[in-house]
Number of protein chains: 2
Amino acid sequence: MELRQLRYFIKAKELLNFTEAAAQLFISQSTLSQQIKQLEDELGTPLFNRVGKHIYLTEAGDLFYKYALQCVQKANDGYQVLKDLGNLETGHLMIGTTYGLRHILSPAIQAFHRQHPQIVIQVIFGTSTELTDRLSKFELDFVLTFEEVTHNQSMKYQPLFSSELSLIACKGSPLAEKKTVTLQDIQELPLALPARGFSTRKFVDEVFEKHHLFPKINLETNDIPTLLELVGTGYWNTILAQTTVSNQENLVSIPIRSLKTLQQAAIVSLHDIYEKQAVKAFFKVLLQLDLNKLH
Amino acid sequence: MELRQLRYFIKAKELLNFTEAAAQLFISQSTLSQQIKQLEDELGTPLFNRVGKHIYLTEAGDLFYKYALQCVQKANDGYQVLKDLGNLETGHLMIGTTYGLRHILSPAIQAFHRQHPQIVIQVIFGTSTELTDRLSKFELDFVLTFEEVTHNQSMKYQPLFSSELSLIACKGSPLAEKKTVTLQDIQELPLALPARGFSTRKFVDEVFEKHHLFPKINLETNDIPTLLELVGTGYWNTILAQTTVSNQENLVSIPIRSLKTLQQAAIVSLHDIYEKQAVKAFFKVLLQLDLNKLH
DNA sequence: TCATATCAATCGATAAAACCGATTTAAGAT
DNA sequence: ATCTTAAATCGGTTTTATCGATTGATATGA
């Protein structure tokens, strides 16, 4: 068993397609096939079932994946520790964020970049579900999101600010003057909501469910700027954390009178893995900014 | 970076001698030297300092060791999971135990062997310090010992029985008739105690320390049977958990009147690693036996 | 139903690299 | 100063990871 083989296996498992996996690994399909076979021989059990042109994981493969991933990750951690040790600061940050938190991420990136100009930063926007998935595949360093109701044991949550869910309306609309709205009011409005997978959406669904209300959801999208543009037309309304639209000139947020609509924003990262210097430094910047209540 | 290189590094780190490490790895010294060098090149930093004929770890090497070890362990765990899956039961158990717990281990081994005759069992006697050290190097599956005062985060403690520290004397000796003794009484006696590293010894030292007493420790050894033999001569006395001598014909244990001399026996194992079927089964047998109060 | 496209396995050849034995180098030990 | 010991280096050998081409199997669709 070698790390090379584990890396091959992981990619093959994730794509369930040897040809494509081989391409992404920059090796030939033949090589991948042979190496997987060799690994299977050593383990004494097939990791994939081959039915016709398709492959899928065996139970063994499913069990083994977890360990393969962790094994490779430990090796990466070890590598990272030594890179950090030299204080090279030639790092790379992969940040996942939901749209609702860009207003705090953006200044954090600016401040961080001023301190560590050599570090390359990649920002991935997505739903909390997507992002936490990628986090647990070690594809992201950390994720900014409104906290999931379901806390995961293997994840670390550092709270940032909390924000009320609000109804978002266009400034010209008749609603714009109201101080607050009720869930019943909202039920009557044409809504454009973030797609399933967004933590905010999950939250909204649960709130309505609990009050036995059935809102008119005309439209859903996974692109929040689009959503805001739609609301800007004056026809639709949406529901988002108040902070999401804090710097949108043409929109207003109207508090919702309801039991609990307070959402907690947090930094989500993994326990039990090495936290590189760059990540630590970024957290510091983020928490600092948060204290200064930039939102 | 490959698992092979990490395995080589681990062995070299543990022996701090390339020639010997190479021998134990069944490769030539030349190969080991080259592979370590290659690893160092990839990591961009030396793992060993070479001063003359000796090598010692660099700071980088020291940091890296932890990850290398965990990486290899994850691979082993993955391997083990699949072996267990086939329910082959052709396993191997490495058990560490202190002498004081052999009376419960021994029947457990017998019972376990009856159920799983194919499984090879190795038992290592040692001090709690030695054993927990080896446990964290993944050299043992679990350890039986009287619980350390210092609980380690990465370890799991499953309590077994508890036992009073007692003064152990020879049956013929004048003390043998006494119902209890005080710490002051003991202070006057010639003592032969388990060496430092034994949890019992640590415990004893602390008890005397707390009462500002200075016992006459004439002799210490890391071999408990020897200790018992010495006590059997009638000259020396020792202090051990009462259960340690429960099946010694010629010795008696006399309770000590003191605040807290209750020691907790426990199974110590590691968190966060795969617990193989054989280990689970052995735990079951042990805890079952313990319930039946065999001690 | 038959041709076609697609994907994994297999084969033979090649390049890479892991490995070994012998030698060199450097440092303790005598 | 000489001997011993341990790591590094060198040249050659073996192993194996890899590739391209081909085969075999099976979905797709004409």
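Chain naming here is simple, since letters A, B, ... match the order of the sequence lines and numbering starts at 1 in each.
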In whole Å, what is the span from the [atom1] atom of [X] to the [atom2] atom of [N]?
X       : N      : atom1 : atom2 : result
A:Leu32 : C:dT10 : CG    : C1'   : 15 Å
A:Gln34 : C:dC11 : CD    : P     : 10 Å
A:Arg50 : C:dA9  : CZ    : P     : 4 Å
A:Gln5  : D:dT16 : CD    : C1'   : 11 Å
B:Ile27 : C:dG21 : CD1   : P     : 12 Å
B:Leu25 : C:dA18 : CG    : C1'   : 14 Å
B:Phe26 : C:dA18 : CZ    : C1'   : 18 Å
A:Gln35 : D:dT16 : CD    : P     : 11 Å

message: Once hydrogens and angles are ignored, does a donor-acceptor distance under 3.5 Å link the base of D:dG20 to the side chain of A:Ser28?
response: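 There is none.
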field: Check: C:dA9 base within 3.5 Å donor-acceptor of A:Gln29 side chain
entry: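 Answer yes: a donor N or O sits under 3.5 Å from an acceptor.
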Donor-acceptor pair between A:Gln24 and A:Glu20 side chains, under 3.5 angstrom: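 Yes, because at least one side-chain N or O of A:Gln24 sits under 3.5 Å from a partner of the opposite role on A:Glu20.
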query: Between A:Gln73 and A:Tyr274, does any side-chain donor sit less than 3.5 Å from a side-chain acceptor?
result: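 Result is no, nothing qualifies.
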- prompt: Taking the six-membered ring for Trp, are A:Phe9 and A:Tyr65 parallel (under 30°), tilted (30 to 60°) or perpendicular (over 60°)?
  reply: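 Perpendicular: the ring planes of A:Phe9 and A:Tyr65 meet at over 60°.
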task: Evaluate the ring planes of A:Phe283 and A:Phe142, with Trp represented by its six-membered ring, and classify them as parallel (under 30°), tilted (30 to 60°) or perpendicular (over 60°).
output: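 Judged by the thresholds at 30° and 60°, the geometry between A:Phe283 and A:Phe142 is perpendicular.
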message: Taking any heavy-atom pair under 4.0 Å as a contact, classify A:Tyr8: base, sugar-phosphate, or nothing.
response: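 It contacts sugar-phosphate atoms only.
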So, is [X] close to the [N] phosphate, meaning a side-chain N or O under 4.0 Å from OP1 or OP2?
X       : N      : value
A:Thr19 : C:dA8  : yes
A:Ser33 : C:dA9  : yes
A:Thr31 : D:dA17 : no
A:Asn17 : C:dT6  : no

- request: Measure from the side-chain N and O atoms of B:Ser128 to the backbone N and O of B:Phe198, and report whether any donor-acceptor pair falls under 3.5 Å.
  value: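 No, because the side chain of B:Ser128 does not come within donor-acceptor range (under 3.5 Å) of the backbone of B:Phe198.
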